[in-house]
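These notes concern the structure reproduced below.
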Number of protein chains: 2
Amino acid sequence: MSIAPVVDTLERLCTLLRTEVRQRGLRHGLRPVQVEALLYLARCNRYSDTPIAVAEFLGSTKGTVSQTLKILEREGLLTKGPDPDDGRVVRLELTPVGRALSAELALPPALEEALADDREWTERLSVDLRRLLGGMQRAAGHKTFGTCHTCRFFRRESSGFRCGLTGEALSESDSELICREHKLGAAAEAPSGDSRPAEEGRLGSLDP
Amino acid sequence: MSIAPVVDTLERLCTLLRTEVRQRGLRHGLRPVQVEALLYLARCNRYSDTPIAVAEFLGSTKGTVSQTLKILEREGLLTKGPDPDDGRVVRLELTPVGRALSAELALPPALEEALADDREWTERLSVDLRRLLGGMQRAAGHKTFGTCHTCRFFRRESSGFRCGLTGEALSESDSELICREHKLGAAAEAPSGDSRPAEEGRLGSLDP
DNA sequence: GATGTGTGGTATCGACTCGATACCACTGTA
DNA sequence: TACAGTGGTATCGAGTCGATACCACACATC
C-alpha cells in the first residue's frame, strides 16, 4: 500500500479548509493569512506574541508578516506595544474587537458538522492527526508550536506547573496556550521537581 | 470533549503542508496554486480537464484560474486545445515536462517520512481522513472530486466498468482518476447491470 | 568604552494572487 | 431568431510574499 491516498486526501482537505476560511474571513474583509495570524495571536502565550513568532508559525518571513500585522493594526484588531526588557521587540495584543472576531472565526462550520455525530471517532482522529503533525514537524525540522502540556520543558511540581526553559511558574490556563519555544522529544535535563522520562517514546504525551 | 483540538491540529497540518509545497514549488518557480493545478491536471479524467473544473477543484473562480493556466502554458507545462463537441470549452493537457514535474512534486517528503514506518496506521488514517473529507464536502455543499470507485454513478458490469452518468465504458485506469462529476451518497436510479445499494450507508464505499 | 555580530522589525520592489466586473463566443431552448 | 445560460478571457485594485536593504538594539569580545 502506498501513502498516495493519504497525501491526496490531506491535500484536498487542506484546500477545502482554506476555502472555508477564505470565504468566512472575506465576509469580514480579511485575507486567509490575516485570519490565521489572528487565530494564532488569540491562542499564543506570553513568550510568543511577537511578529517573529507569527512568522515562524505561519512558515512565512518577517517582512511579509510585518505587512499583515500593519493591516490588522489599521483595522483595529490588534495593538503594538514595546517590550519592557528588549527594546527591539514589539508585543502584539488583540483588541476586544480582534478577540471577538477570532472567537467567531475559530470553528469552521463544515468541520464542526462533519465531526458532530461521533465523539469516539473525533477522539481517535485527534490523536492520529497530532501524531501525524508531530512526525511531519520533526521531518521538516520545523518548530512544533504545541502547548506546554506536550513540551519537553514542562515541569509538574508540588506547587503547580513550571517552564523548565525560562524557570517561570505557569498557571493552568498558561499551559494551554501555544508556545514558540515548544519542543517535543526526549526528557530534558532534570531540574528539581518530579520530572520523569517522556511517556510515549519519541512522541511525547498527547494531551486531550 | 470539544472538537477544538482536531480543528487546531488540522489547521496546523494544513499550514505545514502548504509551506512544504510552497518551498518545493518555488524551487521550480511555481506558486502554490500553480502546483495544485498541475497536480490536479495530472490526476483528473477526461470529463475534468477544463479550466472550470480546475476552478471548482481549487475552490477558486474561473477568472483567477484563467490567469494561473496562462502562466502554466507560458512555462510550457500544459497546452490548450479545442473541445471537439463544444466550441466554448478548452481542454487542458500536460506536456511531458509538466507531467514529469507533477510526478516530482506529488509527494511531500516530510509527510512521506512521517508515514514511512507504520503501514497499518497509514491505512487507518487514510480511511479516517476520507471519511472526514466526505463529511466536510457534504456539509459545505461542495463537489466531491473523488475517483469513480467511490461514485454513486459507478457501475460494475460483467464486461467491466461503466459511468452511469455519461453511459461510457471505463477502463480500470480510467476509474482511478479524479472526476468533477463525482458524487457520494445513496444509490442512483438503477440502469442495467448489477447495481446495488450503497454498501456503507451514507458514506459510500472507501476504495483502498 | 569601542567594535563587531546577531537579531527583531520596517520599508520598498516586483511578480503574482484573487475577487469583481465586464465582455465575447458558443450552446441550447423557446 | 431571440435570448438566457455557460465557458473562457481581459482588466483593475488591494493584497501576498520573497528578496533586499536598512535601522535600532542586545550581547559578546577585545
Side-chain angles (χ1 to χ4, degrees), chain A residues 15 18-38 47-75 77-92 143 180-181, chain B residues 15 18-38 47-75 77-92 143 180-181:
Chain A
T15 305
R18 277 188 67 83
T19 302
E20 268 233 336
V21 170
R22 182 166 55 210
Q23 287 174 350
R24 290 185 312 135
L26 223 59
R27 265 176 251 142
H28 297 271
L30 293 182
R31 311 279 143 185
V33 255
Q34 296 166 358
V35 173
E36 280 170 53
L38 194 72
Y47 312 133
S48 316
D49 59 349
T50 71
I52 200 79
V54 176
E56 286 167 355
F57 183 80
L58 296 181
S60 184
T61 63
K62 53 182 185 167
T64 300
V65 165
S66 180
Q67 299 172 71
T68 300
L69 295 176
K70 202 168 56 179
I71 294 168
L72 291 180
E73 188 184 20
R74 193 190 65 200
E75 300 299 318
L77 300 174
L78 64 80
T79 57
K80 296 178 180 176
D83 184 287
D85 302 324
D86 189 331
R88 297 167 301 179
V89 174
V90 168
R91 305 228 84 112
L92 305 167
K143 300 216 169 186
R180 64 176 293 214
E181 304 292 352
Chain B
T15 305
R18 277 189 68 83
T19 302
E20 268 232 336
V21 169
R22 182 166 56 210
Q23 288 174 349
R24 290 187 310 136
L26 223 60
R27 265 176 251 141
H28 297 272
L30 293 183
R31 310 282 144 183
V33 253
Q34 295 165 0
V35 173
E36 281 169 51
L38 194 71
Y47 312 132
S48 317
D49 59 350
T50 70
I52 201 80
V54 175
E56 285 166 357
F57 182 80
L58 296 180
S60 185
T61 63
K62 53 183 186 167
T64 300
V65 165
S66 180
Q67 298 171 72
T68 301
L69 295 175
K70 201 167 60 178
I71 294 168
L72 291 180
E73 187 184 22
R74 193 189 64 200
E75 299 299 318
L77 300 175
L78 65 80
T79 56
K80 295 178 180 176
D83 184 288
D85 300 323
D86 189 331
R88 296 167 302 181
V89 174
V90 168
R91 305 229 83 113
L92 305 167
K143 299 214 171 189
R180 65 176 291 212
E181 304 292 352

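Letters A, B, ... are given to chains in the order of the sequence lines, protein chains preceding strands, and every chain is numbered from 1.
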May I have the distance from [X] (atom [atom1]) to [N] (atom [atom2]), rounded to whole angstrom?
X	N	atom1	atom2	result
Leu72(A)	dT16(D)	CG	C1'	13 Å
Lys70(B)	dG7(D)	NZ	P	20 Å
His28(A)	dA14(D)	NE2	P	22 Å
Leu69(B)	dG8(D)	CG	P	9 Å
Arg31(B)	dG18(D)	CZ	P	8 Å
Leu92(B)	dG8(D)	CG	P	8 Å
Ile52(B)	dT9(D)	CD1	C1'	12 Å
Gln23(B)	dA19(D)	CD	P	10 Å

Please determine, for the side chain of [X], which listed nucleotide ([options]) has the closest atom?
X	options	value
Val89(A)	dG9(C), dG19(C), dT17(C)	dG9(C)
Arg22(B)	dC16(C), dT16(D), dG18(D)	dG18(D)
Gln67(B)	dG19(C), dG9(C), dG8(D)	dG19(C)
Ile71(A)	dT16(D), dG18(D), dT17(C)	dT16(D)

Hey, are the side chains of [X] and [Y] touching, using non-hydrogen atoms and a 4.5 Å cut-off?
X	Y	value
Glu56(B)	Lys62(B)	no
Leu30(B)	Leu77(B)	yes
Lys80(A)	Glu73(A)	yes
Thr50(B)	Leu92(B)	no
Pro82(B)	Arg91(B)	no

In terms of heavy-atom contacts, Ala53(A) and Ser48(A) come closest through CB-O, 3.3 Å
Ala55(B) and Val65(B) have their tightest heavy-atom pair at CA-CG2, 3.5 Å
Between Gly63(A) and Gln34(A), which has a closest nucleotide on DNA chain D that is more 5'? Gln34(A)
Reading DNA chain D from 5' onward, which residue's closest nucleotide shows up sooner: Asp86(A) or Thr64(B)? Thr64(B)
So, does the side chain of Arg88(B) form a donor-acceptor pair with the base of dT6(D) at under 3.5 Å? yes
Starting at the 5' end of DNA chain C and moving along, which residue's nearest nucleotide shows up first, Lys62(A) or Leu26(A)? Lys62(A)
Phosphate contact ([N] OP1 or OP2) by [X] side-chain N/O below 4.0 Å:
X	N	result
Thr61(A)	dA19(D)	no
Ser60(A)	dG18(D)	yes
Lys80(B)	dG8(D)	no

The helix from dG1(C)-dC30(D) to dA30(C)-dT1(D): angle between end helix axes, five pairs per end, rounded to 10 degrees: 10°
Students often get this wrong, so: under 4.0 angstrom with heavy atoms, is Arg74(A) touching a base, only sugar-phosphate, or nothing? sugar-phosphate
What distance do Gln34(B) atom CD and Leu69(B) atom CG have between them, rounded to the nearest 0.5 Å? 9.5 Å
